[in-house]
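In the text below, chain A, chain B and the rest are named by the order of the sequence lines, each starting its count at 1.
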Protein chains: 2
Amino acid sequence: MPGRSKRKPPEPAAPKSVPQAVVNRLSYYLRELQHLLRQGVQTISSSQLGQRLGFTDAQVRKDLAYFGQFGYPGIGYRCHELAEAIRRILGTDQQWPVALVGVGHLGQALLGYKGFSQQGFVFEAAFDVDPELIGRQLAGIRVYHLDRLPQIVQSHKIRLGIIAVPASAAQAVADRLVESGIQGILNFAPVTITVPPQVSLVGVDLAMELEQLSFSVLHRQRESR
Amino acid sequence: MPGRSKRKPPEPAAPKSVPQAVVNRLSYYLRELQHLLRQGVQTISSSQLGQRLGFTDAQVRKDLAYFGQFGYPGIGYRCHELAEAIRRILGTDQQWPVALVGVGHLGQALLGYKGFSQQGFVFEAAFDVDPELIGRQLAGIRVYHLDRLPQIVQSHKIRLGIIAVPASAAQAVADRLVESGIQGILNFAPVTITVPPQVSLVGVDLAMELEQLSFSVLHRQRESR
DNA sequence: TGGTGTGAATGCCTTCACAGCG
DNA sequence: CGCTGTGAAGGCATTCACACCA
């Protein structure tokens with residue numbers, strides 16, 4: 001292992017409170033670094049990295065500075081090293097067992113999506129209430145009745161849950177996920193759901209993304225995300 | 001029509017430059033208002049609306065003030081009226097013809113997703129390069145070869161494009177969408193794509209959303225979106 | 001009384017600019 | 001010389017607090 005001496009502790013975690021926007025950009029940095037690595041790029045400067053993503057060089061450096069010192073003056077950042085560090089920060093250096101609830105069109109698409117496992121998110125089980133689906137295997141994942149959620153979450157040590165059920169069922173499903181001891185929820189149902197503070201929640205509303213786009217087209221502002 | 005007299009012009013557009021975050025919240029307001037309306041709620045105050053979404057009352061009022069005056073002192077906001085106004089601002093009072101490019105798992109799920117049409121986004125055509133798919137109808141939408149994109153975008157007056165192809169093909173598809181005269185792109189491929197400034201761009205990276213979640217779980221911050 | 005709209009104050013994030021290092 | 005890390009400055013966005021209205 002590279003035993004560099006004076007360099008801040010290899011950032012095990014976030015120091016104080018990191019702006020949400022910074023964490024968001026971290027994901028962009030990681031994605032870009034992974035592309036660069038695939039192309040064989042070894043090092044990159046903050047300005048080059050920023051340019052590719054539409055951020056300033058100062059922003060890149062400040063963002064990374066929240067978590068430690070990763071750069072080499074005169075050189076830039078070593079892509080592999082930095083990617084590794086960001087993975088550790090985001091948690092994608094570990095495996096995250098995931099449960100999917102709701103095996104409709106969207107749910108099935110998510111089960112088949114390769115991008116998740118590449119970042120360490122692995123589906124352990126899927127759940128639904130439709131008797132047609134229960135007992136089947138989809139993309140290699142077994143579908144269980146929703147009632148078996150607590151049992152299987154615990155036995156498979158599942159930490160994250162994805163909600164892909166109709167809006168009307170989303171809050172009830174969220175409640176059951178929370179009861180089952182899940183730590184974070186990604187909600188695709190187009191409703192606001194509430195969870196206790198010790199559970200993390202991220203929502204994605206596909207129609208809302210299109211709304212942001214139509215607004216942007218109508219008022220012709222610059223690009224968004 | 002309700003002929004109220006002194007009240008700012010019914011906000012045809014955004015005045016100067018509206019923060020992106022405000023536009024984002026507008027979508028949340030609209031979604032919540034639509035729920036409220038379904039429950040028969042007539043009016044709501046900024047504090048009630050904010051509470052349901054985790055925003056402060058001042059924030060709600062400020063956000064709306066960017067676009068005009070919608071509230072009634074002592075009463076709050078009339079849900080129907082406000083929803084209507086926000087739809088006009090976001091552009092979802094009109095119909096937006098949409099083209100889907102990439103009819104894999106995710107693409108098919110999007111074609112079948114009801115939530116889009118409810119907000120005025122209607123798929124006019126889908127495109128792929130897989131001979132297996134071309135000529136078929138999926139969820140009532142015809143799948144064409146990608147080469148026919150310019151022709152069909154123009155004949156159907158398609159304004160928005162959704163990219164649901166592998167990362168490696170995304171930029172090329174984006175270029176073709178732009179050439180075809182599309183005005184906005186929603187990109188689901190996990191890559192940064194670039195488009196000319198007159199074209200709007202919104203990106204959604206599903207794995208990135210899970211990364212935000214795992215970070216949040218690891219560092220146990222409060223909920224995100 | 002209950003609630004909006006809005007200037008003023010606050011606080012946070014981004015950008016600047018430069019010392020320091022390889 | 002090139003490029004990082006970072007205090008200081010600047011610019012936005014959010015919150016406060018209050019005049020005003022029904």
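- For B:T56 and B:Q59, the side-chain atoms include no donor-acceptor pair closer than 3.5 Å.
- Between the CG atom of A:L82 and the P atom of D:dT4 there is a distance of 11 Å, rounded to whole Å.
- In the set D:dG7, C:dT14, D:dG5, D:dG5 carries the atom at the smallest distance from any side-chain atom of A:Q69.
- Remark on the helix from C:dT1-D:dA22 to C:dG22-D:dC1: inter-end axis angle 10°, axes from five-pair C1' superpositions, rounded to 10°.
- You'll find the side chain of A:L213 stays beyond 4.5 Å of the side chain of B:I185, heavy atoms only.
- Remark: A:R25 is not in phosphate contact with C:dC13, judged by side-chain N or O atoms under 4.0 Å from OP1 or OP2.
- Ion pairing between A:R176 and A:E179 fails under the 4.0 Å rule for side-chain N and carboxylate O.
- Among the heavy atoms of the strands lying under 4.0 Å from A:G74 is at least one base atom, whether or not backbone atoms are also near.
- Of all the residues in residues 38-56 of chain B, B:T56 reach under 4.0 Å from DNA chain D with at least one non-hydrogen atom.
- OP1 or OP2 of D:dT15 has at least one side-chain nitrogen or oxygen of B:Q59 nearer than 4.0 Å.
- Closest to the A:R61 side chain, of the nucleotides D:dT6, D:dC21, D:dT14, is D:dT6.
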Give the table of side-chain donor-acceptor pairs shorter than 3.5 Å for residues 160-174 of chain A, with sequence neighbours excluded, one pair per line with atom names and distance.
residue, atom, partner, partner atom, Å
A:Q171, OE1, A:T194, N, 2.9
A:Q171, NE2, A:D175, OD1, 2.8
A:Q171, NE2, A:T194, O, 3.0

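- Taking 4.5 Å as the limit, some side-chain heavy atom of B:F116 sits within range of a side-chain heavy atom of B:L110.
- With contacts defined as side-chain heavy-atom distances shorter than 4.5 Å, the pair B:L30/B:T92 qualifies.
- If you check D:dG2, C:dG3, D:dT14 against the side chain of B:P73, the one that comes closest is C:dG3.
- Contact annotation: B:Y77 side-chain N/O to C:dG5 OP1/OP2 distance is under 4.0 Å.
- B:R220 and A:Q183 share a side-chain donor-acceptor pair at under 3.5 Å.
- Counting only heavy atoms from C-beta outward, the side chains of B:Y77 and B:L64 approach each other to under 4.5 Å.
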